[in-house]
Every structure is written in structure tokens, then in C-alpha cells.
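As the structure is a prediction and not an experimental result, all values here were calculated from the model. Both counts, for ligands and for their atoms, begin at 1 and track the order of listing. The basis for the numbers below is simple: all heavy atoms, side chains too, and nothing from hydrogens, waters or symmetry mates. Along the sequence shown, residues are numbered consecutively beginning with 1.
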Amino acid sequence: MSRREELAANLDAVRARIATACASAGRDASDVRLTVVTKFFPASDVRHLAELGVTDVGENRHQEAEAKAAECADLGLRWHFIGGLQSNKAAAVARYADVVESVDRAKLVAGLGRGAAEGDRDVDVLLQVSLDPPGAEHRSGAEPGAVADLADAVASTDRLSLKGLMAVAPLGGDPDAAFAQLAQVHRELLLRHPAATWLSAGMSGDLEQAIGAGATHVRVGSAVLGPRPEFK
Ligand SMILES: *Cc1c(COP(=O)(O)O)cnc(C)c1O
């Protein structure tokens, strides 16, 4: 099987999973968009994916993302930055990313706004929410209680558009409980920012649970591209 055929088969399987999950949640399959996470995989795979109808790709490391976006600039893809972001890199990310999903602190907002303005582009923003239990060793994400202020900061920044929330279910935890909490944080956000309708949740292992909890965007890597290399 060629790489192209392998990606096509995996993509079909993931699209079928999304359709089944939407059906069992009583949702329309067009409610959920697929972002294929291409981190660690080469630009040649991104090119295959674009030819197979993928419109949105996700990356989590600035240097790799910047290089791949440049190499694939002719494909008209939407680039989602989904990784931990250093504040001194925020402006640079806003020059190629169409969506930045991992905004988890106020310090990033000014840099993103500056990069977007300098690049004369509009950047969609999702706030990443931490779903870890209080006191857990935190992975990235804003505490749910910090979301309202962060949302106001993004909404009042030129060239940034607040679209909604993103989260990763805690490792080893119950994804249903985590996504239910996320949905609650999202309902509260919508009261203040009714246009922030996107909910990016669900990966290769838990996209069904996320769709059941209302995800509008799923971020799927290994189920499409295969296992990532272990090295960093
Ligand atoms: C890598 C990554 C994904 C994709 O994970 P898979 O389990 O390979 O589908 C989704 N979201 C984020 C934030 C990631 O870093």
C-alpha cells in the first residue's frame, strides 16, 4: 500500500467514526470539523492529506509548524497551532497560523495581536482550558475560573477573533467527566461571548466522547498518520 492509500484508508475510518458518533449523539455530521494533527510528519503527508480533502491541519511546535506552513503555502490549508506557546513566539505564530487553539494566559494575547496586525491578517483564537483536577500536576490550559477575563482580553484585541474553547482530557482520567466540565465552561462563555461557538475537543482515543459532549472540532493525529516517532 502506498502512503497515499494508507492515509486515505485511515482518513475514511476516522470520518466514519465521526459520522457514527454524530449519529448516536443526534447531531448532524456537518456539525463537527476534522483537524488532522500532522506534527512529526513531513510536508509530503500534508500534501497527500490536502489532496484527500483535508482542509485543516494542526501543529504543536512553532519551528516545525512555520516551516511546514511555508512549504505547503500553495495548498490553501487552514493551520491550527495547538501546542504550548512561549510568549516570545506568539507574534511569530500569528503570522502563519489561522487558528491558535492554545491561548491559556493573558501574556500571549498582546503578542498574537501584534503578529496578526503586522502580518495584516486575522487570527481565530481558542482558549485552552485545563480539565485537570485541582492540585494535579498541571498540563497546559487556563483554569476554568480564568476563562472569562482571558476571553475579554482576546475579544478586545484587533485582528484576533474569539472563537471558543479547546481542551485535552486528562491522561488516565474519565474523558466523559472532563468533557462534561468543558461543556459547562463553554456554556458560561457563550453567555458573555455568543459568537464563541467552537469547542475543540477529542483526539484519536476519545473523539466519540468529545462529540457526545458537544465538540465542534476534533483534532486527530495518530489515527490518520500512524504512531508518532518517540523522539522529540
Ligand atoms: C498531538 C495532539 C493531538 C492529536 O493526538 P492523537 O492522539 O495523535 O490523535 C490533539 N491535540 C493536541 C493538543 C495534541 O498535541
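- Scanning all protein heavy atoms for the shortest distance to atom 13 (C) of ligand 1 gives Ile82 O, 3.6 Å.
- In this structure, a donor-acceptor pair under 3.5 Å is present between the side chains of Ser200 and Glu101.
- Taking distance alone, with nitrogen or oxygen atoms compared against 3.5 Å, Gly205 stays at or beyond that limit from ligand 1.
- Neither the backbone nor the side chain of Glu101 comes within 4.0 Å of ligand 1, counting heavy atoms alone.
- A salt bridge is defined here as a Lys NZ or Arg NE, NH1 or NH2 lying under 4.0 Å from an Asp or Glu carboxylate O, and Glu51 with Arg4 meets this definition.
- With respect to the salt-bridge test (charged N to carboxylate O, under 4.0 angstrom), the residues Glu71 and Lys68 do not qualify.
- Scanning all protein heavy atoms for the shortest distance to atom 15 (O) of ligand 1 gives Lys39 NZ, 2.7 Å.
- Scanning the protein heavy atoms around atom 9 (O) of ligand 1, the nearest turns out to be Ser204 OG, 2.5 Å.
- Although no hydrogens or angles enter the test, the distance criterion places no donor-acceptor pair under 3.5 Å between the side chain of Arg159 and the main chain of Gly115.
- In plain terms, the two heavy atoms of His62 and Val93 that are nearest each other are ND1-CG2, 3.5 Å.
- His217 and Asp56 share no side-chain donor-acceptor pair at under 3.5 Å.
- Under a hydrophobic-cluster definition in which Ile, Leu, Val, Met, Phe, Trp and Tyr are linked whenever side-chain heavy atoms come within less than 4.5 Å, directly or via other members, Val154 and Leu85 are assigned to the same cluster.
- Looking at Met203, Met166, Glu59, it is Met203 that brings a heavy atom closest to atom 5 (O) of ligand 1.
- On a distance-only criterion, Arg219 and ligand 1 share at least one N/O pair closer than 3.5 Å.
- For ligand 1, the atoms closer than 4.0 angstrom to any heavy atom of Val220 are 9 (O).
- Of the candidates His80, Gln128, Arg228, Arg61, the one placing a heavy atom closest to atom 8 (O) of ligand 1 is Arg228.
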